[in-house]
Amino acid sequence: MELKLALVGFGGVNQGLVELLRKKRETLAGAGLDVLITMVADLRLGIATNPRGIALDVLDETARRGVDAMALRRDPGTLVSPDVNLDAVLKAIASEHVDVVIEATFTDPNTGEPALSHCRTALECGKHVITTNKGPIALAQQELARIATKSDACLMYEGTVMSGTPVLRQIATTLRGCDVNGFAGILNGTSNFVLGQVEAGANFDAAIREAQQRGYAEADPAADVNGSDVQLKVVILANTLWNAGLQRRDVHCRGIVGLTGEDVRVAAAEGMSWRLVGSAVRRPDGTVTASVEPRKLPASHPLRAASGVTNAIMFDTDVLGSVTISGPGAGRQETAFAILSDLIELVDRIAAAAPEVLE
Ligand code: HSE
């Protein structure tokens, strides 16, 4: 099955996707998937289109040159328009040469824009949407899911929580049949990395700069350290688990900004470690309470093993008791992997809905 992709945003995540598509050609072919990238939109590039597909080598070179459009302009068949305003991007998304929109622009935790408009327009036009952007999903998951259903399109967002580590699809697949009554997790790679560095003697600012250099931090790293990134992830998890209609303001939020190096080192001397924990509990009456806060954890705590950029989540279930999933929580290829895994799942869903497309 051939799928034409539009990459909206060409930062670390979609650049990582291009690398993965090159590396995983055979895996994708084995899954029955042939991918063409027919559109790339980015504030630094403009909008590049090619109905027959932009060469992956050219996109790789574009990334290596610091997102410069020169290689794209030399690519035969590719047109580059410098005009990258919202209307122009929405028009390009609506093009007949796009089947799937991969939305990986920056997260705006307050409005979700412009990503929300990208996702809404794509779904209204019957395009499938795969996004790693927490804004539109935390703020408008129910609205977007309704549009997707009406348009017979898929909305997929595995990469919004714990990057490529499988979490959200586990809820919808292998955990089905269990009642999940709560969860607690280390859901921000940057703050976990920073706490570890400070524990090892670094200062907060230097550790944050290093997290930025490693591609873990948000465009504005304040979201990582003030807890709002985790707040969005708690909303996404609670709504995916329980259709709880939870909103950001329902999640009491405190980040690691209030901690000092001294707090971290004193805790370490006591055999404890500070971790930023996002959690939610569903009561028997269906109400949900949720919070984000730094907690001092003893060495024996199951979340304590998650160090550096590693994330971990413990689900409290009725049948299995506590189930913990752990893995990378940030990083360009790690997050790009979530998109790849959504793409493979999308092929299966399209094939299941219309088996003849594979014949
Ligand atoms: N800035 C985020 C983090 C990226 O550090 O976890 C993944 O959502």
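Position 1 is the first residue of the sequence, and the numbers go up from there. Whatever order the structure lists them in is the order used to number ligands and atoms, beginning at 1.
Remark: minimum distance from atom 7 (C) of ligand 1 to any protein heavy atom is reached at Gly329 O, 3.4 Å. Protein heavy atom in closest approach to atom 2 (C) of ligand 1: Glu218 OE2, 3.2 Å.
Heavy atoms from other residues, nucleotides or ligands lying under 6.0 Å from CZ of Arg249 number 12 at most. Shown here is Lys24, whose NZ atom has no more than 12 heavy atoms of other residues, nucleotides or ligands within 6.0 Å.
Polar contact with ligand 1: present for Gly189 (N/O pair, distance under 3.5 Å). Looking at ligand 1, you'll find an N or O of Thr190 within less than 3.5 Å of one of its N or O atoms. For the pair Thr160 and ligand 1, the shortest N or O to N or O distance does not fall below 3.5 Å.
Ion pair Asp42/Arg44 flagged as a salt bridge, since at least one NZ, NE, NH1 or NH2 atom sits closer than 4.0 Å to an Asp/Glu carboxylate oxygen.
Side-chain contact annotation: Thr287 with Asp285, donor-acceptor N/O pair under 3.5 Å present. For the residue pair Asn181/Asp316, the side-chain donor-acceptor check at 3.5 Å is not satisfied.
Heavy atoms of Ser163 come nearer than 4.0 angstrom to ligand 1 in no pair at all. Residue contacts with ligand 1 include Lys233, since one or more of its heavy atoms lies under 4.0 Å from the ligand.
For Ser191, no heavy-atom contact with ligand 1 is shorter than 4.0 Å.
Not a single donor-acceptor pair under 3.5 Å links the side chain of Asp75 to the backbone N or O of Ile54.
In this view, Thr149 satisfies the side-chain hydrogen bond (donor to acceptor under 3.5 Å, both in side chains) rule with no residue, not counting sequence neighbours.
Numbered from 1 in the order shown, with element, the atoms of ligand 1 that lie under 4.0 Å from a heavy atom of Tyr216 read 1 (N), 2 (C), 3 (C), 4 (C), 5 (O).
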